[in-house]
Trainee: 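Structure incoming, see below.
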2 protein chains.
Amino acid sequence: MDQAVFEQRLQKLTKFYIDNKRLPSYSEMCKIFNLRSKNTVYRFCQKLIERDYIRKDEQGKLIPSDKLKPVKLLGYIQAGFPNTTEEETLDTLSLDEFLIKNPQATFMLKISGDSMISAGILPGDYVLVDRTIPPESGMIVIAQVDSKWTIKYFIKNKNKIYLKPANSKYPIIYPKDELIIAGVVTGVVRKYL
Amino acid sequence: MDQAVFEQRLQKLTKFYIDNKRLPSYSEMCKIFNLRSKNTVYRFCQKLIERDYIRKDEQGKLIPSDKLKPVKLLGYIQAGFPNTTEEETLDTLSLDEFLIKNPQATFMLKISGDSMISAGILPGDYVLVDRTIPPESGMIVIAQVDSKWTIKYFIKNKNKIYLKPANSKYPIIYPKDELIIAGVVTGVVRKYL
DNA sequence: ATGATAATAGAACAATCGTTCTATGTCAAT
DNA sequence: ATTGACATAGAACGATTGTTCTATTATCAT
């Protein structure tokens, strides 16, 4: 098959998956690819499976494989830049899967204030918080202090527990009675445009 | 229907979607929910559609709606904390859709070096780069300088173009002949655990 | 106990699914 | 010109789909 045709169809397929959050049926692919034969589509899909763009799950249903995921990971900056022709071999991933281990227990919070600025968490950034992870010393946590929620470093030193901001103009907080931890910060997300 | 049963099934459905990247068929839901009647599943799905957890697209196929997306957005920190019972009303979103406008033109790069540290981009962070966006003054770009790729601020001042690091210990770069821009940084991602 | 309401079971239906078959068309190499 | 290799067309198949129907069971207030 012509490589250009292959890539064109792959692109249409990817677009359909992004738009509809599911893969099209063979009949639908007929329309998408301007074909009249489901068999042609069937063979095209087998090529996609060979090249690991899509897979079949236990039920024989088509599901997207890793290569159909939204983001290509290009590696380190200094390592030089892969050129466009060899991009096929690169890792692809989904940011959702990359950043979130426990979807049911994870939520996102928009940060205001500059108390974590020297940890690289700026006002307007979003943090991902996991409720299920037990906090360890050095982790960034969302904690309730004086009935207000803040983001701080969680420090545990010889049974002493306190909260330290990553900005020295704010004081260290020693909890009076009990310390309520909403969750551990597992990731940071910033959006420029 | 019992609310507890509803949520339990919703959770199983969500898990299936995360695992298989597609919604289960009615027969599959029978197994998942331990039901023997497709009709029960059918009615359950209609409740899901009513409450906007799933939808039907043009072809009548079930597709996940917004509420089935991986991350719940809880708003600002200071605004206080919604308690767990009213979480239903919260915004949910996919990080992929949130951060990536042009999936075909976007890639991810792992940052090494501290040249952008005061812009909140630390070594080990990942940046999302969009090839299609034309750079404007003040944007962060991936640029080729002396056959090496770096991340810098793109500055355009009265037809003068130069690259400025966000760390004053590095020099401003004035391109000699031509300036090769690989793309504009549209987002930053950091993973702690 | 009675009746009202909802959830489930189970059969049945047309429509669509993925798959396999054969036939036709195209193009390059021989 | 003939061959072989593909891409496509188009018909056909059983399996599965979503949906509708009626019947049975569970729940709960009265």
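Just so we're clear, the structure is a prediction, and the values are computed from it rather than from any experiment. Sequence lines set the chain letters: A, B, ... in the order given, protein chains first and strands last, and positions in each chain run from 1.
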Trainee: Any side-chain to backbone donor/acceptor pair from A:Asp125 onto A:Leu122? Under 3.5 Å, distance only.
Mentor: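 Yes; judged by distance alone, with no hydrogens or angles, the pair exists.
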Trainee: Just by distance, with hydrogens left out, do B:Ser94 and A:Asp96 show a side-chain donor and acceptor under 3.5 Å apart?
Mentor: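 Yes, side-chain donor-acceptor contact under 3.5 Å.
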Trainee: From CZ of B:Phe6 over to P of C:dA6, roughly how many Å is that when rounded to an integer?
Mentor: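 So the two atoms are 16 Å apart, to the nearest Å.
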Trainee: Tell me, for nucleotides 9-17 of chain D in 5' to 3' order, what letter each nucleotide earns: B for a base near a protein heavy atom under 4.0 Å, S for only sugar-phosphate near one, - for neither?
Mentor: BB------B
Trainee: Is a side-chain N or O of A:Asp130 found less than 3.5 angstrom from the main chain of A:Thr186, in a donor-acceptor match?
Mentor: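 Absent.
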Trainee: Under 3.5 Å, sequence neighbours excluded: what are the donor-acceptor pairs made by side chains of residues 22-34 of chain B?
Mentor:
from, atom 1, to, atom 2, distance (Å)
B:Arg22, NE, A:Asp57, OD2, 2.7
B:Arg22, NH1, B:Glu28, OE1, 3.1
B:Arg22, NH2, A:Asp57, OD2, 2.6
B:Arg22, NH2, B:Glu28, OE2, 2.9
B:Ser25, OG, B:Glu28, N, 3.2
B:Ser25, OG, B:Glu28, OE1, 3.4
B:Glu28, OE1, B:Ser25, N, 2.7

Trainee: Would you mind reading off the distance between A:Gln3 atom CD and D:dA7 atom P, rounded to a whole angstrom?
Mentor: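 Spelled out: CD on A:Gln3 to P on D:dA7 is 12 Å.
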Trainee: Choosing from C:dT20, D:dT19, C:dT8, which nucleotide comes nearest the side chain of B:Arg9?
Mentor: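 The answer is C:dT8.
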Trainee: Assess, by modelled atom type and distance only, whether the side chains of A:Gln46 and A:Glu50 contain a donor and an acceptor separated by less than 3.5 Å.
Mentor: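 Distance-only check fails for A:Gln46 and A:Glu50.
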Trainee: Do you reckon A:Leu35 sits in the same ILVMFWY cluster as A:Phe44, going by side-chain contacts under 4.5 Å, direct or chained?
Mentor: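 Yes, same cluster.
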Trainee: For A:Gln59 and C:dT19, what is the distance between atoms CD and P respectively, to the nearest whole Å?
Mentor: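 Roughly 13 Å, once rounded to whole Å.
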Trainee: Taking atom P of C:dC21 as reference, at what distance in whole Å does atom OH of A:Tyr42 sit?
Mentor: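 About 10 Å, once rounded to whole Å.
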Trainee: For B:Gln46 and C:dA6, what is the distance between atoms CD and P respectively, to the nearest whole Å?
Mentor: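 My rounded result for the distance is 15 Å.
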Trainee: Just how far, in rounded Å, is P of C:dG18 from CZ of B:Arg22?
Mentor: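 Rounded to whole Å, this separation is 11 Å.
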Trainee: Tell me the interatomic distance from A:Lys31, atom NZ, to D:dT8, atom C1', rounded to whole angstroms.
Mentor: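 Rounded to whole Å, this separation is 19 Å.
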